[in-house]
Each structure stands twice: as C-alpha cells, then as structure tokens.
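Here is the structure we will look at, set down as structure tokens.
Note that the numbering runs from 1 along the sequence shown for the chain.
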Amino acid sequence: MLIEDERNYMKIIEHYERCLERYGDSHLGVDWPNKRDVATRYRVMLDVIRERGTNKIRLLDFGCGASHLYEYVLRHKLSHIMYSGLDISRDFIDLSRSKFPSVPFYCLDVLDSEVQLPEFDYVVMNGVFTEKRSLERDEMMNYFERLVGKVFALASRGITFNVMSSHVDWEREDLFHLPLDALAAFLTQNISRHFVIRNDYGLYEYTVYVYGRP
C-alpha cells in the first residue's frame, strides 16, 4: 500500500472530479477548454497504432474520464479497435458504465497494488500528465515516471501520452511542462529507446508514442 504522501497525485484526480460535478459530461467536464482541440488530440492519440487494416486492436484508454475517446471511435467507425477504459475515479467510471454498459471498465489505482488486467496491444493516456495542479515539479515528475513505467508493462506493443511543451512564451504553474531532453533521457534509460515525439498538430503540447520494439 502507498503511504499518504505518495498519493499526492489524488489532488489532480479531485480537480477533475470537481470539473465533472460543475460541467457534467462535456469537454469542460474533463477540463479541456476547446472542443475542437479535443478531436485533434483523439486523432493524434490513435495514430500510435502502427497496424493498418481490419486486424483487431486491444486498446486501453487509461484515465478514460467520461469515455469521450470511445465516442470518437464509434463516430469514426473504427470497428477494429476493441476498447476498454480505466480510471481511478469512481465518479467517472460510474458515468462511463452508464453510457456504455457492454464495455469493460476498470476502476483502480495501478500504483497502489499489483493489479490483474488483461493484456492490451496499446494504452492511451490522454490528458493524464497535462496538469499538475498544486503538485511541485519534482512530485509531478516522480508521479509521471512511476506511472509510465507501470503502464508500459500493460502494453504488448506501445503506449502514448501527452504533456505540455516547454517551448512556449510562458509556462502555467498548474500545468506540467516537460522539456524534451528530460523526457528523452527518462525514456531511453528506463522505458524504451523506441519512441516518437509528435509536435506537429498545432497545440501547446506534444504527444509521445513509446514502442517495445522498432
């Protein structure tokens, strides 16, 4: 079990739950300010999938929130994606299950125990690391490193996540701006040398694809 000081990331979860309570099942309810940018993120996240065609892909939406990514999958008729969702928040999981009762959803903290989950081909982590709220930078970096390591072990092919860019006019104190050199050093030394950095889709963030093999 984690001690309370090691669960400081719950401050981030509580923030998102407050957004859901205030704004409901919407892009604002998961604290994305611009609805059009949300669709861009979903497209870029799903580009982590290397395989093209009709082969089934087992995908875990880690930090699924209200399962808006699944709505994107349905809207674009991406029938090759076998979607599952995971969130630490009971509020979000209850909402997702009410919307999609036939979809597998998991409500748990992967850092808190040795969890038993099915094997997935890819794991998507959209918005999990973009906000740090009141966490100190070192606290957020520690959370990021531990969680990426845990999640990478769940994926047989690869994972993807986004963080805020440090190449901006100014950095917000409540967001997680991660320099590219710090990211590359961590991934190369601890996770995998096979990664792609996407900084080409017009937002003040970047997305990373990390693969187990070339």
Does the ring of Y209 carry R198 above it, NZ/CZ under 6.0 angstrom from centre and within 45° of its axis? no

Worked check of side-chain contact (heavy atoms from CB on, under 4.5 Å) between V148 and F129: CA-CA 10 Å; V148 168; F129 301 123; 3.8 Å; yes

Given the rule that I, L, V, M, F, W and Y join up when any side-chain heavy atoms are under 4.5 Å apart, are M82 and V124 in one cluster? no

Cluster overlap L180 with V168, hydrophobic side-chain contacts below 4.5 Å: no

Side-chain heavy atoms under 4.5 angstrom apart, residues restricted to Ile, Leu, Val, Met, Phe, Trp, Tyr: same cluster for I191 and F176? yes

So, taking the atom named CG in D47 and the one named OH in Y42, what distance separates them when rounded to the nearest 0.5 Å? 15.0 Å

Are side-chain heavy atoms of Y16 and I88 found at a separation under 4.5 Å? no

Would you find a donor on one side and an acceptor on the other, under 3.5 Å apart, between the side chain of K132 and the backbone of H177? no

Carboxylate-amine/guanidinium proximity below 4.0 Å for R133 and E14: no

Distance-only donor-acceptor pairs under 3.5 Å for side chains of residues 182-190, two or more places apart:
from: T188; atom 1: OG1; to: A184; atom 2: O; distance (Å): 2.8
from: N190; atom 1: ND2; to: F186; atom 2: O; distance (Å): 3.0

Report, as yes or no, whether the 6.0 Å neighbourhood of atom CE on M141 holds more than 12 heavy atoms from other residues, nucleotides or ligands. yes

Taking every non-hydrogen atom, the tightest pair across A155 and D121: CB-O, 3.8 Å

Nearest 0.5 Å, what's the CZ-OG1 distance between R43 and T207? 10.0 Å

Can you give me the closest heavy-atom contact between F92 and G29, atom names plus distance? CZ-O, 3.7 Å

Over 12 non-hydrogen atoms of neighbours within 6.0 angstrom of CZ in R193: no

From CA spacing to verdict: side chain to side chain donor-acceptor pair (under 3.5 Å), H80, N55: CA-CA 6 Å; H80 62 294; N55 290 339; over 6 Å; no

Please determine, by modelled atom types, if Y204 and D37 share a side-chain donor-acceptor pair under 3.5 angstrom. no

If you look at every heavy atom in V44 and Y201, which pair is closest and at what distance? CG2-CG, 3.7 Å

Mind checking the CG-OG spacing from D31 to S26? Nearest 0.5 Å is all I need. 10.0 Å

Are V30 and F100 connected into the same hydrophobic cluster when the rule is that any two of I, L, V, M, F, W, Y join if their side-chain heavy atoms are below 4.5 Å apart? yes

Hydrogens and angles aside, do S89 and E17 bring a side-chain donor and acceptor to less than 3.5 Å of each other? yes

Between the side chain of R52 and the main-chain N/O of I49, is any donor-acceptor distance below 3.5 Å? yes

From CA spacing to verdict: side-chain contact (heavy atoms from CB on, under 4.5 Å), F120, S156: CA-CA 6 Å; F120 300 97; S156 64; over 6 Å; no

Would you call V151 and L147 a side-chain contact if the rule is heavy atoms closer than 4.5 Å? yes

Quick one, R137 and L178 - any side-chain contact, counting heavy atoms below 4.5 Å? yes

Backbone N/O of V48 and side chain of Y211: donor-acceptor pair under 3.5 Å: yes

Does the side-chain contact (heavy atoms from CB on, under 4.5 Å) test come out yes or no for L135 and I12, once each step is laid out? CA-CA 8 Å; L135 269 64; I12 302 173; 4.3 Å; yes

Please report the closest heavy-atom contact between Y206 and M164, naming both atoms and the distance. CE2-O, 4.0 Å

Out of R58, R157, E51, which one pairs with Y122 under the side-chain hydrogen bond (donor to acceptor under 3.5 Å, both in side chains) rule? E51

To the nearest 0.5 Å, how far apart are CG in L154 and CG in L86? 8.5 Å

Spatial distance of atom CG (L117) from atom OG (S84) [nearest 0.5 Å]: 9.0 Å

Show, in sequence, the C-alpha distance, side-chain angles and deciding distance for F144 and F161, and conclude whether the ring pair (Phe, Tyr, Trp, His ring centres under 6.0 Å) test is met. CA-CA 10 Å; F144 166 79; F161 56 84; 5.4 Å; yes

Stepwise, does the side-chain contact (heavy atoms from CB on, under 4.5 Å) test hold for N162 with N126? CA-CA 6 Å; N162 47 2; N126 181 30; 2.9 Å; yes

Considering all heavy atoms, the nearest S134-K11 contact: OG-CD, 3.4 Å

Flag the pair R146 / Y9 as yes when at least one side-chain heavy-atom distance between them is below 4.5 Å, and no otherwise. yes

May I ask whether Y23 and I13 are part of the same hydrophobic cluster, defined by side-chain heavy atoms of I, L, V, M, F, W, Y residues being less than 4.5 angstrom apart, directly or through others? no

Looking at every heavy atom in both E131 and M140, which two are closest together, and how far apart are they? O-CE, 3.6 Å

Could you go through residues 59-72 and list every donor-acceptor pair under 3.5 Å that involves a side-chain atom there, pairing it with any protein atom two or more places apart or in another chain?
from: D61; atom 1: OD2; to: Y83; atom 2: OH; distance (Å): 2.7
from: S67; atom 1: OG; to: S96; atom 2: OG; distance (Å): 2.8
from: H68; atom 1: NE2; to: D25; atom 2: OD1; distance (Å): 2.6
from: E71; atom 1: OE2; to: K99; atom 2: NZ; distance (Å): 2.6

Would you give the length of the straight line joining atom CZ of R90 to atom CG of L95, rounded to the nearest 0.5 angstrom? 12.5 Å

Any donor-acceptor N/O pair, T160 side chain to V208 backbone, under 3.5 Å: yes

Is it true that R41 and E205 make a salt bridge, defined as a side-chain N closer than 4.0 Å to a carboxylate O? yes

